[in-house]
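As the structure is a computational prediction, the values presented were derived from the model and not from experiment. Residues take their numbers from the sequence shown, with the count starting at 1.
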Amino acid sequence: MSAAVALLLTVFVFASCSDSPSDLVNYVPKESKAVMVFKPGDLAKKGNLEKYVKKFPKEKFGEAAEFIKTCMKGESGIDMEQMVMFEYEGDGYLSFVISDESKFEKLDLVADNTTKGESGGLTTYEADSDAPSVVVDGSKAWLCPKNLDDAIDAVKTFIALDKEKSVAEAPGFADNMSDGDLNIYFNMEEIMSMGGGMTEQMMNKEMSRYGLSLDDMNIKEYFDSHIYLTVLFEKDKLSVKSKCLDGKGENIVSKVVGNKTIDTGMLKFFDKSTTMVYASVIPDYVKKMYSNLIESTIYDETQKAIVEEIFKNLDDNVALGISISGNLTTKVESEWGSYDKFNQKAVNGTMVAKCKKSLEADVATLASILGLPIATDGSVSFPIDSETTVRVKSEGNYLVVSTTAAPSQPLADPGMFGGKSAAMFINLSKTSPASQSIKRAFGIDLDLTAISYSDKHDNLFELKVNNNKQDNVLAYLVDLVLKVSEI
């Protein structure tokens, strides 16, 4: 064998045996209830963390702030490409790769707070207090919450895992845990097993209050499911994708929800400036639950019969909307001085339900019983209190309940309602009534929109920031949270 070939083989062997951050999931047991794979280096840069670390008070965060700065400079000896946080037997662990142990053990947080040792071929950094210890195998490291002996036993379990017993072999794990800045996994079978059979019994008992059982709700498919969330931060967009898979890795949402889709005809009852609109296909059990709930609060038999008739004729679609406009607060004078009070009139809502037939006669009957007049457009106004009146109207096969007048400029489908089983649109663009109200009340400029939808294959939430002056949407959101916290 030539010297060149021998050298290449040696490099290949050592490269194959070295630990990569992407390999860490192979050392997570399959029975873990939750796993989060994240990229701390990318998140720190996208969130402009260095800017905020400088503002940390030294007396409170001095050592931690220095640790973060060192990590961001790449001088900590810790590989910041990827880390894994996971649950195992009721405890939480953080696994990461140490790229340079000499740098790692010189970190103030490590050198000043731990004692280095060896045990069964593992390197240990035992915390001097009740803080977590670190156990190292080669370049793989685990931050462990238990006492050192238990931590060592746990790590030995992790490194001895057969491939098929790793969470990396869970249905859909490889395809759904690598594309985001944050990737989150929930093992619902293990979560549901925490209470033994009691979890299901307790849920059935709770549902029985509304005349339902878990069988009515058709959600047992979720009990053995594998749920994945993929979170990605881009220049002007935050996206969260989710999937719910069965043991074969197939999407179960369509099994639970069915093939029904949103009736976009409901959207015409919302104004185009509505702050938030949510529309959804509603299963029969939801109608039954709300019918039982409302009927339990009505004691007049005639009124109860009308409510029963309305719910009996509800179809499979409902939409809800919230509108924010005007001044969110009003100045109130009292003997103790003046103060700002929330203005209830600034927030209005609308609900639209698709029905199997027109309910105009039922609305008229209810108005007659209550002695309320019917307006020229067929609507009936029900006074709730001195500031709120609810308008009820049956138009075609739609029942509309609203605290505001009919829209002058109806909302058209922004593009995500049609063909979906559930969808939501949030309008906080710069010129929207809601953004203007928030700016007047709190001095915060908002210019963003959000969409969310579910269909047979995907569940998506997407937040878009218009004209983002930050380098990334995460930095914008961190800055926004800090501004809100100062109000």
Side-chain angles (χ1 to χ4, degrees), residues 22 24-38 84-90 161-180 182-204 206-207 212-232 239-262 280-286 289 316 416 419-424 452-462:
S22 61
L24 292 171
V25 293
N26 296 320
Y27 304 97
V28 178
K30 202 170 187 176
E31 60 266 33
S32 292
K33 298 177 182 66
V35 180
M36 181 170 70
V37 178
F38 61 104
V84 179
M85 187 178 294
F86 62 96
E87 181 278 340
Y88 177 65
E89 293 188 342
L161 280 177
D162 294 330
K163 183 180 179 182
E164 64 272 13
K165 293 184 178 180
S166 162
V167 74
E169 297 300 307
F173 196 94
D175 296 329
N176 294 287
M177 290 293 284
S178 60
D179 294 337
L182 287 171
N183 299 281
I184 304 170
Y185 164 73
F186 295 103
N187 184 339
M188 292 306 298
E189 183 177 5
E190 291 293 330
I191 291 173
M192 292 300 296
S193 70
M194 290 173 65
M198 290 299 295
T199 303
E200 191 170 328
Q201 291 176 26
M202 289 172 64
M203 293 178 71
N204 263 319
E206 181 65 22
M207 289 299 100
L212 298 172
S213 70
L214 291 178
D215 291 331
D216 295 324
M217 299 173 70
N218 192 28
I219 62 171
K220 285 190 176 181
E221 290 274 1
Y222 288 113
F223 291 0
D224 301 325
S225 67
H226 303 267
I227 298 176
Y228 295 93
L229 300 175
T230 302
V231 184
L232 183 62
S239 61
V240 182
K241 296 179 181 179
S242 67
K243 287 190 176 181
C244 187
L245 309 179
D246 62 17
K248 296 179 181 179
E250 297 177 357
N251 199 312
I252 69 171
V253 174
S254 59
K255 297 179 185 178
V256 177
V257 177
N259 297 316
K260 295 179 180 179
T261 58
I262 294 169
S280 174
V281 172
I282 52 172
D284 289 337
Y285 74 82
V286 173
M289 180 177 70
D316 55 8
M416 89 292 296
K420 305 298 188 296
S421 57
M424 178 176 68
S452 179
Y453 66 77
S454 298
D455 58 22
K456 295 180 184 178
H457 307 290
D458 297 304
N459 299 284
L460 173 71
F461 171 80
E462 189 174 276

(message) If you compare all heavy atoms of Val35 against all heavy atoms of Val84, which two are closest, and at what distance to 0.1 Å?
(response) CG1-CG1, 3.8 Å
Show me the donor-acceptor pairs, under 3.5 Å and distance only, between side chains in residues 161-176 and residues at least two apart or in other chains.
| residue | atom | partner | partner atom | Å |
| --- | --- | --- | --- | --- |
| Ser166 | OG | Val25 | O | 3.1 |
| Ser166 | OG | Asn26 | O | 3.4 |
| Ser166 | OG | Ala168 | N | 3.1 |
| Asn176 | ND2 | Gly172 | O | 2.7 |

(message) Nearest 0.5 Å, please: how far is NZ in Lys241 from CD in Glu462?
(response) 8.5 Å
(request) Mind jotting down which residue pairs meet the side chain to side chain donor-acceptor pair (under 3.5 Å) criterion with at least one end in residues 28-38? Sequence neighbours excluded, please. (result) Lys33-Glu87
(message) Tell me every residue that passes side-chain contact (heavy atoms from CB on, under 4.5 Å) with Met36, counting only those two or more places apart in sequence or in another chain.
(response) Phe38, Met85, Leu182, Ile184
(message) Please check this pair: side chain of Ser421 against backbone of Ser454, looking for a donor-acceptor N/O pair closer than 3.5 Å.
(response) yes
(message) Using 0.5 Å steps for rounding, measure from the CG atom of Asn183 to the CG atom of Leu229.
(response) 9.0 Å
(request) First locate atom CG of Leu245, then atom OG of Ser225, and finally report the distance between them rounded to the nearest 0.5 Å. (result) 8.5 Å
(request) To the nearest 0.5 Å, tell me how far Asn459 CG sits from Ile227 CD1. (result) 9.5 Å
(request) Of all the heavy-atom pairs spanning Ile262 and Val281, show the shortest one and how long it is. (result) N-CG2, 3.9 Å
(message) Test your reading of the model: is there a side-chain donor-acceptor pair from Thr261 to the backbone of Lys420, 3.5 Å cut-off?
(response) no
(request) Write down the atom of Ser452, the atom of Met416, and the distance for their closest heavy-atom approach. (result) O-CG, 4.3 Å
(message) Would His226 and Asn187 count as a side chain to side chain contact (heavy atoms under 4.5 Å, CB included) here? Give the steps.
(response) CA-CA 5 Å; His226 303 267; Asn187 184 339; 4.3 Å; yes
